[in-house]
S.K.: 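Just passing along the structure, written as structure tokens.
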Amino acid sequence: MSLVADLASRGLVQQVSDPAIDQRLAEMGAKRPIAAYAGFDPTADSLHVGNFVAIIGLMYAQRNGIRPIAIVGGATGLIGDPSGKAAERQLQTKETVARNVQGIRGVLERFLRFDDPKAPAQIVNNLDWFGAMSAIDFLRDVGKHFRIGSMLAKDSVRSRMEASEEGMSYTEFSYQLLQGFDFYRLYKDYGCVLQLGGSDQWGNITAGIDLIRKLEGEGGNALGLTMPLIATASGAKFGKSEGNAVWLTADRTKPFDFYQFWLRTEDADVARYLRYFTFLPLEEIDALLAEHVKSPEKRLAQKRLADEMTRLVHGAAAAEQAVAASGTLYGGGVEQLDAAAVEALAGQGVATITVLRAKLEGGWLVVDAAVEAGLAKSKGEARRLIAQGGLYVNNVVVTDASLALGAGQLVAGAAIVLRGGKKNYRLIRVA
RNA sequence: GGGCGUGUACCGAAGUGGUCAAACGGGACGGACUGUAAAUCCGUUGGCUUAGCCUUCGUUGGUUCGAAUCCAACCGCGCCCA
């Protein structure tokens, strides 16, 4: 058993509840099949790269023959985890949460094997046990085992009470009971002996470990492990691109944009990310980094990272297409585009809008085009972009805000490549 | 239930009758330099048919020639007392 050793070698262990987790897992695993779990908040119908660390944790568990369980918090999502949050969460409707649970299930199915003969993955919705539980039962059976003192001492509570003006509602205060009880149920019914989570989850994880010990007595022995919260070397939040989260599904973040996100990783981060997120052997990563240090301008490490990640998340075909599209758009190949290449770009996950030919022939203002393509939120913003020299049609700077696009700008008679800034490409095709 | 306080643009935070589309900081975005990096520098950051007009300062209503600023009620939030 080398789950913790594996994770540690990748720099993915922040804190452990027991220094000998691997050994303990081996002992328990010898007697019966064991499982490990991580929770996912259904705040959206998809997961983003910020959730990826937890997924990686489960993937390593599965590789070690431990059944990975993902809890999709249909119940806890209705409450809102205060950990790491400065402000009270906006409550979601039950319908929204139910829909999000479905979406997240779909994402997880791509990373965990559900048909693994030895350690099949499983998705569990904690609404299964909370949905039917009455408030009275909850207070008697769960609440009784929690002491206010230790609840107040949790970092997630203290920081809100002391540091922030926000305070905290009773609803969020009780979150740790819910997550603690999740762990207990999984421990009892699914043989789940280990909980994984981001470092902000420590308080919630220990709440579960304590609850299991109290309810199960001597035999109750659950384990917890937290993984580091990922931040960029320059201190920015990880996983945002142009202010938006980078998602793991193509409908929210195009494979091309996903590839580009990783490709733009700064030097100071690329080594960590390769270790964290890819399954490349460490020796190979070291060799790659040695190359990278010699000639950083080649961005070999970033290219490899982007390729591996896109491959892992969107598949080999999408990755190859993203590489090809990047070559075309950033290699200055826009002028040489032909109809086939345009077709390819669209297929390669470059965000595309389609307009009627008549619109183009009627003289379509670039300003309007930029807004419709999603490069600017308003015409004013589009005009500002132009004034600053940040809008390009077919890689040529637009200098006149009153410019109208026409059929003449169509590359190979098929499409116009619109670019905002360095990073945002849109393909406009005619129907 | 009572007292005190608070609610401003993405976030933090000034402004307390006109000169306020609203200082400043952060973030974000654009440009320059580079390596689609970092750091640094410059610029932008409510909308529009842009020398002008329109909509914003918790909500609604009022006072006033004129309100983010004054008044009333309501809503949200914080702290304290019960």
Side-chain angles (χ1 to χ4, degrees), chain A residues 82 85-91 157 159-173 231-246 256-274 288-289 291-307 309-310 322-334 350 363 365-368 370-371 373-392 395-402 404 417-426:
Chain A
K85 309 266 188 334
E88 183 88 9
R89 179 94 71 77
Q90 191 69 37
L91 289 180
V157 177
S159 60
R160 280 272 278 280
M161 298 307 290
E162 288 168 10
S164 136
E165 293 280 280
E166 276 275 331
M168 175 181 250
S169 70
Y170 179 74
T171 305
E172 289 198 0
F173 180 56
T232 71
S234 18
K237 241 181 239 152
F238 169 74
K240 294 275 154 77
S241 164
E242 288 96 53
N244 301 311
V246 176
F256 171 76
D257 293 324
F258 187 81
Y259 177 85
Q260 286 287 324
F261 165 75
W262 295 102
L263 189 69
R264 288 196 301 267
T265 301
E266 53 189 278
D267 286 1
D269 289 321
V270 74
R272 283 163 56 230
Y273 291 0
L274 280 166
L288 183 60
L289 290 172
E291 277 298 307
H292 177 69
V293 170
K294 268 189 239 154
S295 40
E297 73 283 355
K298 285 186 184 155
R299 305 178 67 77
L300 287 176
Q302 279 90 344
K303 281 178 183 161
R304 187 61 191 275
L305 174 69
D307 187 62
M309 293 313 295
T310 311
V323 173
S326 297
T328 309
L329 293 176
Y330 286 93
V334 172
V350 177
L365 290 173
V366 248
V367 179
D368 291 320
V371 173
L375 288 177
K377 283 201 266 309
S378 67
K379 287 190 232 180
E381 193 177 309
R383 268 190 286 269
R384 263 179 249 128
L385 196 60
I386 292 169
Q388 298 184 117
L391 189 72
Y392 308 73
N395 274 357
V396 178
V397 191
V398 177
T399 49
D400 177 10
S402 61
V417 178
L418 209 59
R419 168 152 74 96
K422 285 195 182 67
K423 312 166 180 171
N424 299 301
Y425 279 98
R426 294 298 135 91

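Here the structure is a predicted model, which means the values were calculated and not measured.
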S.K.: Identify, with sequence neighbours excluded, every residue that meets side chain to side chain contact (heavy atoms under 4.5 Å, CB included) alongside A:Arg383.
M.R.: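 Here the qualifying residues are A:Val367, A:Lys379, A:Ala401.
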
S.K.: Just to verify, what does A:Lys377 make a side-chain hydrogen bond (donor to acceptor under 3.5 Å, both in side chains) with, not counting sequence neighbours?
M.R.: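 A:Lys377 satisfies side-chain hydrogen bond (donor to acceptor under 3.5 Å, both in side chains) with no residue once adjacent residues are dropped.
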
S.K.: Go through the structure and list residues passing salt bridge (charged side-chain N to carboxylate O under 4.0 Å, His left out) with A:Asp307, not counting sequence neighbours.
M.R.: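 Salt bridge (charged side-chain N to carboxylate O under 4.0 Å, His left out) list for A:Asp307, sorted by chain: A:Arg311.
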
S.K.: If the condition is side chain to side chain contact (heavy atoms under 4.5 Å, CB included), which residues does A:Thr232 pass it with, not counting sequence neighbours?
M.R.: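 Side chain to side chain contact (heavy atoms under 4.5 Å, CB included) check on A:Thr232 returns A:Ser234, A:Ala236, A:Glu266, A:Asp269, A:Tyr273.
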
S.K.: Find every protein N or O atom lying less than 3.5 Å from an N or O atom of nucleotides 43-45 of chain B, and list the pairs.
M.R.:
| unit_1 | atom_1 | unit_2 | atom_2 | d |
| --- | --- | --- | --- | --- |
| B:G43 | N2 | A:Gln388 | OE1 | 3.2 |
| B:G43 | N3 | A:Gln388 | OE1 | 3.1 |
| B:U44 | O4' | A:Gln388 | OE1 | 3.2 |

S.K.: If the condition is side chain to side chain contact (heavy atoms under 4.5 Å, CB included), which residues does A:Ala324 pass it with, not counting sequence neighbours?
M.R.: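 A:Ala324 satisfies side chain to side chain contact (heavy atoms under 4.5 Å, CB included) with A:Gln348 once adjacent residues are dropped.
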
S.K.: Quick one: which protein N/O atoms are closer than 3.5 Å to N/O atoms of nucleotides 49-55 of chain B? Pair and distance per line, please.
M.R.:
| unit_1 | atom_1 | unit_2 | atom_2 | d |
| --- | --- | --- | --- | --- |
| B:U49 | OP1 | A:Lys379 | NZ | 2.9 |
| B:U49 | OP2 | A:Arg383 | NH2 | 2.8 |
| B:U50 | O4 | A:Arg383 | NE | 3.3 |
| B:U50 | O4 | A:Arg383 | NH2 | 3.2 |

S.K.: Could I get the full list of side chain to side chain contact (heavy atoms under 4.5 Å, CB included) partners for A:Arg299, not counting sequence neighbours?
M.R.: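 With sequence neighbours excluded, A:Arg299 shows a side chain to side chain contact (heavy atoms under 4.5 Å, CB included) to A:Gln302, given in chain and number order.
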
S.K.: Going by side-chain hydrogen bond (donor to acceptor under 3.5 Å, both in side chains), name the residues that satisfy it together with A:Ser326, two or more places apart in sequence or in a different chain.
M.R.: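 So A:Ser326 forms a side-chain hydrogen bond (donor to acceptor under 3.5 Å, both in side chains) with A:Gln260.
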
S.K.: Mind checking side-chain hydrogen bond (donor to acceptor under 3.5 Å, both in side chains) for A:Thr399 and listing every partner two or more places apart, or none if nothing turns up?
M.R.: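 Not a single residue meets the side-chain hydrogen bond (donor to acceptor under 3.5 Å, both in side chains) criterion with A:Thr399.
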
S.K.: For nucleotides 2-10 of chain B, read 5' to 3', which letter fits each nucleotide if B means a protein heavy atom sits under 4.0 Å from the base, S means only the sugar-phosphate is that close, and - means neither?
M.R.: ---------

S.K.: Using heavy atoms and a sub-4.0 Å distance, could you list which residues of residues 292-300 of chain A are near RNA chain B? By number, please.
M.R.: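 Contacting residues: A:Pro296, A:Glu297, A:Arg299.
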
